[in-house]
A.B. asks: 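Provided herewith is a single structure, encoded as structure tokens, for subsequent inquiry.
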Amino acid sequence: MFCRRPRTVSHLHQIFTRSCARALHSTGSSFLVEPPRKLKKNPDKKPWVTDINELKRKSRLEKQDRRVVSESTLKPPENGLLVKELIPIAHNVLAARTQLLSCVSIVSQIIPIYVCSVCREVHVGDSPHKIKTCSVRGKSKEHAWERGGMDNILPVVESFHLYDRLGRAVSHNERLQVDRIPALVELCIQAGVENPEYPTRRRDFPVYRVAGKMIDFEKRFPKNDFSGQNINASGFWEMKKRCNEDQEPLILPYNDLKGFAEQGMKAYENLHKGVEKIMKKYAVQTCGYCSEVQVGPKGHRVRQCQAFKHQMRGGQHGWQEATIDDLFPPVYVWHVRNKKDSFLIDALKKYYGKLPALVELFAQAGATVGEDYRAMMREDVVVPGLDEDKFVA
């Protein structure tokens, strides 16, 4: 028989800690909320949006349907037609993106942004933190800070522009011939936004699927397709100005920092909600090993993946269903509670919270943070002093 473990003080402390952790987890306390972890250089792969068993089941059903020569009825946008309910949402997403860029450019001129020159970690605030989280500097793990900009907190994910979203994928030899534009803009164009600079094919009749093959009864280039008539190859800057003429400017005084922050926070939320609605209908693909994104029902064939063991795949991407974080990646930074005392140290990092860099930028400018980020901020956790930290359990 096994001897019963004695109930020592340390053992009782472990039991109490575990029970408190379960209670905090069940009640949804902010002490256990963490931002999503980054992928390492080892064979870490992005989690599947849809369960792998469900994907296998759908693949078996599609294989059985291909054996039977019968017509399959497709719904928009799988049949090439637009979803009419999402066209105004796509216009609102583009307008929110333009408004968000304007607010970030104005607020970032007053609130400084710092970036590590080694690991590219970002800090928003007056004085950079002293938390040793640099993954490149070896044992010291101290950051080498320098002034950053809007590109560090609002990274742009690009995608190949498709003239026909149901056509063939972009090959490796065409990688320099096809334009690459922001993935959000490409998603809105495929959802119904007309942009003369980037024409796309609009079908009047649906596409049919017979025995697993797509059959298009329209001509490849119909006669009534005038999508390229307004393209000016020598003056593309004039075309960009013409496309933005219908967007309303921000009617706020330039010194109203809180007003710009509130407008930017509202645009950020509208952008997220609109993109989530569009992505429920329009497919977006991402590589499971790197950050490459392709808007459309299938990924491209460009061999440029440099993630773990890309030699075994010949540089091919491992395409899977994308999420909104792949299309609009958030950059998480340490949250500064008090602007007057914004110095963060390494010894107390377990008491600090984190926020997306855009939300942190607008929060320091005076904007109200939504309830979705309250748990991540950890403002209900009291930060002890350096002399009190050793007494905290």
Side-chain angles (χ1 to χ4, degrees), residues 33-41 97 99-157 182 254-265 267-268 271 291 325 328-370 373-374 376-379 381 383 385-386:
V33 177
E34 294 286 348
R37 64 182 181 89
K38 297 180 181 180
L39 293 179
K40 301 179 181 178
K41 294 183 179 181
R97 177 179 177 270
Q99 187 176 13
L100 178 63
L101 292 175
S102 302
C103 294
V104 171
S105 63
I106 294 175
V107 177
S108 60
Q109 295 177 5
I110 301 176
I111 298 180
I113 300 173
Y114 294 92
V115 60
C116 179
S117 60
V118 182
C119 68
R120 312 309 295 177
E121 183 174 337
V122 181
H123 176 77
V124 178
D126 293 329
S127 57
H129 64 76
K130 296 297 181 180
I131 302 176
K132 300 178 181 180
T133 54
C134 186
S135 57
V136 188
R137 292 291 294 271
K139 295 183 179 180
S140 63
K141 294 185 178 181
E142 295 182 357
H143 295 283
W145 295 108
E146 62 181 10
R147 287 300 295 266
M150 186 174 62
D151 296 337
N152 300 116
I153 65 174
L154 193 61
V156 179
V157 178
Y254 191 80
N255 55 358
D256 188 6
L257 182 62
K258 184 177 180 180
F260 283 108
E262 293 286 352
Q263 291 287 341
M265 187 73 75
Y268 180 73
L271 181 66
S291 59
D325 290 340
F328 192 67
V331 180
Y332 289 95
V333 297
W334 294 99
H335 172 56
V336 179
R337 301 187 184 183
N338 188 4
K339 294 180 63 177
K340 298 181 180 179
D341 187 13
S342 60
F343 192 72
L344 307 181
I345 58 179
D346 185 70
L348 302 177
K349 64 180 180 180
K350 61 181 179 180
Y351 303 103
Y352 301 141
K354 282 191 174 184
L355 278 179
L358 288 176
V359 180
E360 177 67 18
L361 180 69
F362 295 142
Q364 292 192 20
T368 304
V369 181
Y373 303 103
R374 291 291 182 182
M376 195 179 299
M377 295 169 64
R378 293 185 176 181
E379 289 195 343
V381 179
V383 180
L386 288 176

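For this chain, numbers begin at 1 and follow the sequence in order.
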A.B. asks: Supply the atom-to-atom distance Leu100 CG to Phe328 CZ, rounded to the nearest 0.5 angstrom.
C.D. replies: 5.5 Å
A.B. asks: In the structure I gave you, are the side-chain heavy atoms of Pro329 and Ser291 within less than 4.5 Å of one another anywhere?
C.D. replies: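 No, side chains not in contact.
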A.B. asks: Looking only at atom types and distance, does a side-chain atom of Tyr114 sit under 3.5 Å from a main-chain N or O of Asp126, one as donor and one as acceptor?
C.D. replies: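 Indeed, once roles are kept as given, a pair shorter than 3.5 Å links the two residues.
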A.B. asks: Indicate the atoms forming the closest heavy-atom contact of Glu360 with Val124, along with that distance.
C.D. replies: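 Closest approach of Glu360 to Val124, heavy atoms only: CG-CB, 4.0 Å.
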A.B. asks: Hey, does Tyr268 have a side-chain heavy atom less than 4.5 Å from the side chain of Cys103?
C.D. replies: no
A.B. asks: If every non-hydrogen atom of Cys119 is compared with every non-hydrogen atom of Val136, which pair is closest and at what distance?
C.D. replies: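 Closest approach of Cys119 to Val136, heavy atoms only: CB-CG2, 4.0 Å.
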A.B. asks: Give a yes or no on whether the backbone of His129 and the side-chain of Trp145 come within a donor-acceptor separation of less than 3.5 Å.
C.D. replies: yes
A.B. asks: Which atom pairs, one a donor and one an acceptor, fall under 3.5 Å between side chains of residues 146-157 and the rest of the protein, sequence neighbours left out?
C.D. replies:
from: Asn152; atom 1: OD1; to: Gly149; atom 2: N; distance (Å): 2.9

A.B. asks: Test side-chain contact (heavy atoms from CB on, under 4.5 Å) on Val336 and Gln364; report intermediate values, then the result.
C.D. replies: CA-CA 8 Å; Val336 179; Gln364 292 192 20; 3.8 Å; yes
A.B. asks: Hey, could you give me the CD/NZ distance between Glu262 and Lys258, rounded to the nearest 0.5 Å?
C.D. replies: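 Atom-to-atom, Glu262:CD and Lys258:NZ are 6.0 Å apart.
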A.B. asks: Distance-only, no hydrogens or angles: does the Glu121 side chain make a donor-acceptor pair with backbone N or O of His143 under 3.5 Å?
C.D. replies: no
A.B. asks: For the residue pair Trp334 and Tyr352, categorise the inter-ring angle as parallel (less than 30°), tilted (30 to 60°) or perpendicular (more than 60°).
C.D. replies: perpendicular
A.B. asks: At what distance, to the nearest 0.5 angstrom, does CD1 of Ile113 lie from NE2 of His123?
C.D. replies: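 Ile113 CD1 to His123 NE2: 10.5 Å, rounded to 0.5 Å.
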A.B. asks: How far does CD1 of Ile131 sit from CD of Glu142, to the nearest 0.5 angstrom?
C.D. replies: 12.5 Å
A.B. asks: So, taking the atom named CZ in Phe260 and the one named OG in Ser108, what distance separates them when rounded to the nearest 0.5 Å?
C.D. replies: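 Spacing of CZ (Phe260) from OG (Ser108) equals 12.0 Å.
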A.B. asks: With sequence neighbours left out, what residues match Ala261 under side chain to side chain contact (heavy atoms under 4.5 Å, CB included)?
C.D. replies: Phe362, Ala365, Ala367
A.B. asks: Would the distance check show the side chain of Arg337 and the main-chain N or O of Arg378 forming a donor-acceptor pair, the cut-off being under 3.5 Å?
C.D. replies: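 It does hold such a pair.
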A.B. asks: Give, for atom CG of Leu355 and atom CE of Met376, the distance between the pair rounded to the nearest 0.5 Å.
C.D. replies: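 It comes to 7.0 Å.
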A.B. asks: Please test Lys130 against Asp346 for side-chain contact (heavy atoms from CB on, under 4.5 Å), starting from the C-alpha separation and ending with a verdict.
C.D. replies: CA-CA 6 Å; Lys130 296 297 181 180; Asp346 185 70; 5.8 Å; no
